A.B. asks: 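Take a look at this one; I'll ask things after.
Here the structure is a predicted model, which means the values were calculated and not measured. Order of the sequence lines sets the chain letters (A, B, ...), proteins ahead of strands, with each chain counted from 1.
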Number of protein chains: 2
Amino acid sequence: MKSEKISELTTNRLSIYLRCLNELAAEGSKTVSSDNLAKRFHLNSAQIRKDLACFGEFGVRGVGYYVEDLRQQLTKILGLDHHHRVGIIGAGRLGTALTDYYGFRQTNFEVAALFDADREKIGTVVSDVKIYDVRDFAKIADRQGIDVAVIAVPAEYAQRVLEMIVASGIKAVMNFAPTPLLADEEIKLKTIDLTISLESLSYFLAGSGKNGKE
Amino acid sequence: MKSEKISELTTNRLSIYLRCLNELAAEGSKTVSSDNLAKRFHLNSAQIRKDLACFGEFGVRGVGYYVEDLRQQLTKILGLDHHHRVGIIGAGRLGTALTDYYGFRQTNFEVAALFDADREKIGTVVSDVKIYDVRDFAKIADRQGIDVAVIAVPAEYAQRVLEMIVASGIKAVMNFAPTPLLADEEIKLKTIDLTISLESLSYFLAGSGKNGKE
DNA sequence: ACCTGTGAAATCGTTCACAGCA
DNA sequence: TGCTGTGAACGATTTCACAGGT
């Protein structure tokens, strides 16, 4: 085990390993080797061993990893044994679609409240989640115990919304606005920029013929 | 200029530069230096010059880059001067939310058709886009000139849907199902895995106190 | 015989530093 | 003087290859 900085690339892969272990557990497998795991997605087995070695020595030489044991370890490492409450700012199409995104529930995240500036929307309910006035964000976030915020507003408001979120003491933010945001070091900000992904497809199609692959 | 392989990290940054150039052009700036661009997002100016140098010598020593010229060059390189027609498979919350996602229109992408397996949905219209039977995908895709597919179905169907898409001759695919998919080399597959992003936030909150940042 | 854990090598990406042109 | 384009240094990540445990 090494307690140095762990790269996000590594933790992202842990998510993938965990999913696979959940499947293996459901299928009744008792053990699995890194080679075996590597073949499922096409990864290198050394990478899997290295990723896991960041957190401890979970394997047994000559045998592999015990599926159930590793599953529990990864669940704990990723914090998936804790419940989180999510507030989504922006009750447009995207915000409401996310409200009942199955991935949230699956991952122990619960959408507790939506926020918008539109008078028409405030007070209404979407998928059992109430839409509040964005000006009451800090108050509601505190009252509801919200610890994760999702930014689903147009790009031009995103930075201001982020600042409001940070001011309310929330430390984990997911941003869907297609613009890079600036935040302090202690905030975990994850931007999902669909426009960049689209333009990446566009680039591929423009130069077409040449290689693709993820 | 070097015609070697260009990394996706580079083309992703081109998207960001282009956005910025569009703003600069709107503000009436005539020229901009790499140093100046670098300060807007906090990047290194050498990286910007290197990224651009992959595609040609666009700058002028002592001056910088001509905003309008570079804007047009990048638009062309990213293929944003071409129109694309999108088919979305899965007319659930996510699929329909994407249907009128503003980023599509902005980027010269047009959602031409939705596809679903649910009899109730087939034949109805969402935001002026018709929902077709997924079994007719190849036929409709061909008739409508669809060249980009979006997978917005549950994870367990995603691989099969991808194979159907590839079989119909489409080369660019965006996948929202939280599972890594396998595709041939000549297909450009971009997976946007919200579950991994969520688990990344969860990991951060679990080990909290320690550093965040994008 | 099999499989992990890990140094060492290879690859990929970023940043530095400066030559060279306007 | 100001700024680009780029080789060289640096840093991060991946892969190789094998020692060592069961």
A.B. asks: Write down the distance between CZ (B/F58) and P (D/dT4), rounded to a whole number of angstrom.
C.D. replies: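 Distance check: B/F58 CZ to D/dT4 P gives 14 Å.
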
A.B. asks: Under 3.5 Å, side-chain donor or acceptor atoms of residues 26-40 of chain B against the rest of the protein: list the pairs with distances, not counting sequence neighbours.
C.D. replies:
{"residue": "B/S33", "atom": "OG", "partner": "B/N36", "partner atom": "N", "Å": "3.1"}
{"residue": "B/S34", "atom": "OG", "partner": "B/R49", "partner atom": "NH1", "Å": "3.0"}
{"residue": "B/D35", "atom": "OD1", "partner": "B/S45", "partner atom": "OG", "Å": "3.4"}

A.B. asks: End-to-end bend of the helix from C/dA1-D/dT22 to C/dA22-D/dT1 (five-pair axes, 10° rounding)?
C.D. replies: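 What I find for the helix from C/dA1-D/dT22 to C/dA22-D/dT1 is an axis angle of 10°.
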
A.B. asks: Do the ring planes of B/F55 and A/Y203 sit parallel (below 30°), tilted (30 to 60°) or perpendicular (above 60°)?
C.D. replies: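 Aromatic pair B/F55/A/Y203 classed perpendicular.
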
A.B. asks: Assess whether atom CZ of B/F41 is packed by more than 12 heavy atoms of other residues, nucleotides or ligands within 6.0 Å.
C.D. replies: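 Atom CZ in B/F41 is crowded, with more than 12 foreign heavy atoms closer than 6.0 Å.
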
A.B. asks: Considering every strand and a 4.0 Å limit on heavy-atom distances, what is the contact class for B/S45: base, sugar-phosphate, or nothing?
C.D. replies: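 Since no nucleic acid heavy atom lies under 4.0 Å of B/S45, the category is nothing.
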
A.B. asks: Please tell me which of the listed nucleotides, C/dA22, D/dT22, D/dT4, lies nearest to the side chain of B/V60?
C.D. replies: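 Nearest nucleotide to the side chain: C/dA22.
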
A.B. asks: Expressed as a whole number of angstroms, how long is the span from A/E57:CD to C/dC3:P?
C.D. replies: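 Checked: the CD to P distance equals 18 Å.
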
A.B. asks: Could you go over nucleotides 11-14 of chain D and give all protein N or O partners under 3.5 Å, atom names and distances?
C.D. replies:
{"residue": "D/dT14", "atom": "OP1", "partner": "A/R13", "partner atom": "NH1", "Å": "3.0"}
{"residue": "D/dT14", "atom": "OP2", "partner": "A/R13", "partner atom": "NH1", "Å": "3.4"}
{"residue": "D/dT14", "atom": "OP2", "partner": "A/R13", "partner atom": "NH2", "Å": "3.0"}
{"residue": "D/dT14", "atom": "OP2", "partner": "A/Q47", "partner atom": "NE2", "Å": "3.1"}
{"residue": "D/dT14", "atom": "O5'", "partner": "A/Q47", "partner atom": "NE2", "Å": "3.0"}

A.B. asks: Rounding to an integer number of Å, can you tell me how far B/I48 CD1 sits from D/dT4 P?
C.D. replies: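 Computing the B/I48:CD1 to D/dT4:P distance gives 9 Å.
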
A.B. asks: Are A/E199 and B/L80 close enough that some pair of their side-chain heavy atoms sits under 4.5 Å apart?
C.D. replies: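 Sidechains of B/L80 and A/E199: in contact.
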
A.B. asks: Around atom OH of B/Y157, are there more than 12 heavy atoms of other residues, nucleotides or ligands at under 6.0 Å?
C.D. replies: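 Open: at most 12 neighbouring heavy atoms sit under 6.0 Å from OH of B/Y157.
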
A.B. asks: Other residues, nucleotides and ligands only: do more than 12 of their heavy atoms fall within 6.0 Å of CZ on A/R135?
C.D. replies: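 It does not: A/R135 CZ has 12 such atoms or fewer within range.
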
A.B. asks: Classify the ring geometry between A/H82 and A/H84 as parallel (under 30°), tilted (30 to 60°) or perpendicular (over 60°).
C.D. replies: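 Rings of A/H82 and A/H84: parallel, under 30°.
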
A.B. asks: Can you tell me how far P of D/dG2 sits from CG of B/N36, to the nearest Å?
C.D. replies: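 B/N36 atom CG is separated from D/dG2 atom P by 14 Å.
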
A.B. asks: Can A/K190 and A/E8 be counted as an ion pair, charged N to O under 4.0 angstrom?
C.D. replies: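 Looking at A/K190 and A/E8, the cut-off is met.
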
A.B. asks: Among residues 61-77 of chain B, which contact DNA chain C at a heavy-atom distance under 4.0 Å?
C.D. replies: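 Nucleic-acid contacts, sorted: B/R61.
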
A.B. asks: How would you list, by chain and number, every residue that makes a side-chain hydrogen bond (donor to acceptor under 3.5 Å, both in side chains) with B/R71, sequence neighbours excluded?
C.D. replies: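 Here the qualifying residues are B/N22, B/E68.
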
A.B. asks: For A/F176, give me all partners under ring pair (Phe, Tyr, Trp, His ring centres under 6.0 Å), at least two apart in sequence or on another chain.
C.D. replies: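 Expected list: none.
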
A.B. asks: Starting at CZ of B/R49 and ending at C1' of C/dC18, how long is that distance when rounded to a whole Å?
C.D. replies: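 Atom-to-atom, B/R49 to C/dC18, this comes out as 11 Å.
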
A.B. asks: So, applying side-chain contact (heavy atoms from CB on, under 4.5 Å) with B/I165, which one of B/I151, B/I146, B/L189 is it?
C.D. replies: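 So, applying the side-chain contact (heavy atoms from CB on, under 4.5 Å) to B/I165 and each of B/I151, B/I146, B/L189, only B/I151 qualifies.
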
